[in-house]
**Q** 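This is the structure, below, for whatever I ask next.
If you read the sequence from its start, that first residue is 1, and numbering goes on from there. For ligands, and for the atoms within them, numbers begin at 1 and follow the listed sequence.
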Amino acid sequence: MQVAVDGPASAGKSTVAKIIAKKLSFVYIDTGAMYRACTVIARNHDLDYGDEAGILKAIDEDGIELRSENGEQKVYVAGKDVSKEIRTPEISANVSQVSALPKIREKMVSLQRQMAGKTNVIMDGRDIGTTVLPNAEVKIFLVASARSRAERRLLDLKERGIESNQTVDEIEKDIAARDYKDSHRKISPLKKADDAIEIDTTNMSIDQVVEAILAQIEKSQ
Ligand code: C5P
């Protein structure tokens with residue numbers, strides 16, 4: 001069984017996907033973390049965020065690994081835990097430029113398909129239902145108002161212990177800019193798959209969203 005969860009920034013995708021993965025013993029794959037890791041690599045190598053060939057070479061040198069440690073997903077670059085670093089405002093501000101590079105996407109999509117393999121998987125991102133797992137049995141497209149997504153993002157940063165001086169207004173502007181770039185890039189832009197079910201989570205609790213997705217999974221079994 002493959003479950004694809006797509007949607008704009010901070011719509012709650014990873015929060016609910018993690019809970020569902022735990023409940024159903026599915027493998028959880030956070031594809032945004034992989035593009036964020038590519039961005040950390042570009043920064044560490046002092047590369048321009050548009051330098052496709054340079055970043056590809058650096059990814060091959062460093063390697064990106066997603067590891068599950070005590071039920072938490074960790075991201076490693078060149079053997080170093082960068083799970084916190086990938087969430088900093090600097091990386092968030094530049095990830096859309098890196099993720100729009102065609103060859104970087106090609107590499108990540110191939111890795112994501114390999115990771116999904118033949119196991120039960122729930123994967124979250126922007127192009128999972130449209131490109132990475134087009135045959136997924138369940139496709140969910142999560143949306144929420146820009147304001148509530150900004151508020152959630154602020155809370156998430158606090159909970160992860162990531163220092164940020166940004167106000168909720170500034171975060172709202174940043175995520176709107178990122179969504180614009182992600183929706184307007186040439187290759188696999190953020191877009192609801194024709195067969196995806198859209199859920200507006202603005203006025204829903206996490207539990208309610210989890211229940212709604214579980215109901216869809218049950219229906220398709
Ligand atoms: O999900 P998250 O907000 O961590 O994703 C960070 C960025 O990675 C997105 O803004 C987007 O540019 C990119 N991304 C993507 N395709 C995916 C997942 C994330 O382009 N499947």
Side-chain angles (χ1 to χ4, degrees), residues 2-18 28-43 49-50 52 55 59 64 66 73-75 77 82-116 121-134 136 139-144 146 148-150 152-157 159-160 162 164 166 171-193 196 201:
Q2 295 182 327
V3 181
V5 183
D6 290 300
S10 297
K13 302 182 296 291
S14 65
T15 305
V16 295
K18 267 187 235 164
Y28 165 60
I29 301 169
D30 175 356
T31 63
M34 297 169 73
Y35 291 100
R36 287 173 180 274
C38 297
T39 312
V40 166
I41 290 175
R43 206 259 334 261
Y49 291 116
E52 186 174 59
I55 299 173
I59 294 171
I64 297 171
L66 298 188
Q73 195 190 267
K74 299 277 182 190
V75 187
V77 158
V82 294
S83 313
K84 246 186 173 184
E85 207 175 325
I86 59 168
R87 311 277 163 204
T88 55
E90 184 200 352
I91 298 303
S92 295
N94 293 296
V95 62
S96 293
Q97 191 181 347
V98 174
S99 75
L101 300 170
K103 290 204 172 118
I104 305 277
R105 294 206 74 78
E106 217 175 273
K107 194 177 188 73
M108 291 305 118
V109 168
S110 146
L111 267 176
Q112 288 153 12
R113 288 185 182 143
Q114 228 173 291
M115 287 162 77
V121 69
I122 180 161
M123 196 181 274
D124 83 55
R126 303 293 187 287
D127 61 340
I128 311 306
T130 55
T131 306
V132 183
L133 304 175
K139 295 184 185 178
I140 306 291
F141 197 76
L142 287 189
V143 297
S148 68
R149 290 189 287 124
R152 288 175 195 172
R153 176 114 205 126
L154 194 61
L155 204 69
D156 184 52
L157 288 174
E159 280 172 5
R160 289 178 195 266
I162 295 167
S164 166
Q166 283 185 301
I171 292 182
E172 189 175 335
K173 247 201 216 153
D174 282 358
I175 61 177
R178 188 143 63 90
D179 288 344
Y180 184 86
K181 285 186 208 149
D182 291 342
S183 314
H184 289 82
R185 67 176 174 232
K186 279 210 185 91
I187 300 172
S188 4
L190 164 66
K191 186 175 165 278
K192 176 179 165 296
T201 69

**Q** Run the salt-bridge test on Arg160 and Asp156 with the 4.0 Å N-O cut-off and return the result as yes or no.
**A**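 Yes.
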
**Q** Quick one: do Arg126 and Asp182 make a salt bridge, cutoff under 4.0 Å?
**A**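 Judged by the 4.0 Å cut-off on N to carboxylate O distance, Arg126 and Asp182 do form a salt bridge.
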
**Q** Inspect the contact between Asp127 and Arg105 and indicate whether a charged nitrogen and a carboxylate oxygen are less than 4.0 angstrom apart.
**A** yes

**Q** For the pair Lys181 (side chain) and Ala176 (backbone), establish whether a donor and an acceptor sit closer than 3.5 Å, ignoring hydrogens and angles.
**A**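 Checked: no pair found.
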
**Q** Examine distances only and state if a side-chain atom of Ser148 and a backbone atom of Ala144 form a donor-acceptor pair shorter than 3.5 Å.
**A**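 Not at all, since once roles are kept as given, no pair shorter than 3.5 Å links the two residues.
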
**Q** So which residues, sorted by chain and number, lie with a heavy atom under 4.0 Å of ligand 1?
**A**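 For ligand 1, the contacting residues are Thr31, Gly32, Tyr35, Arg36, Arg87, Val95, Ser96, Ser99, Arg105, Gly125, Arg126, Asp127, Ile128, Arg178, Asp182, Arg185.
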
**Q** Is a side-chain donor or acceptor of Lys192 paired with a backbone partner of Ala196 at a separation under 3.5 angstrom?
**A**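 Side chain of Lys192 to backbone of Ala196: a pair is present.
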
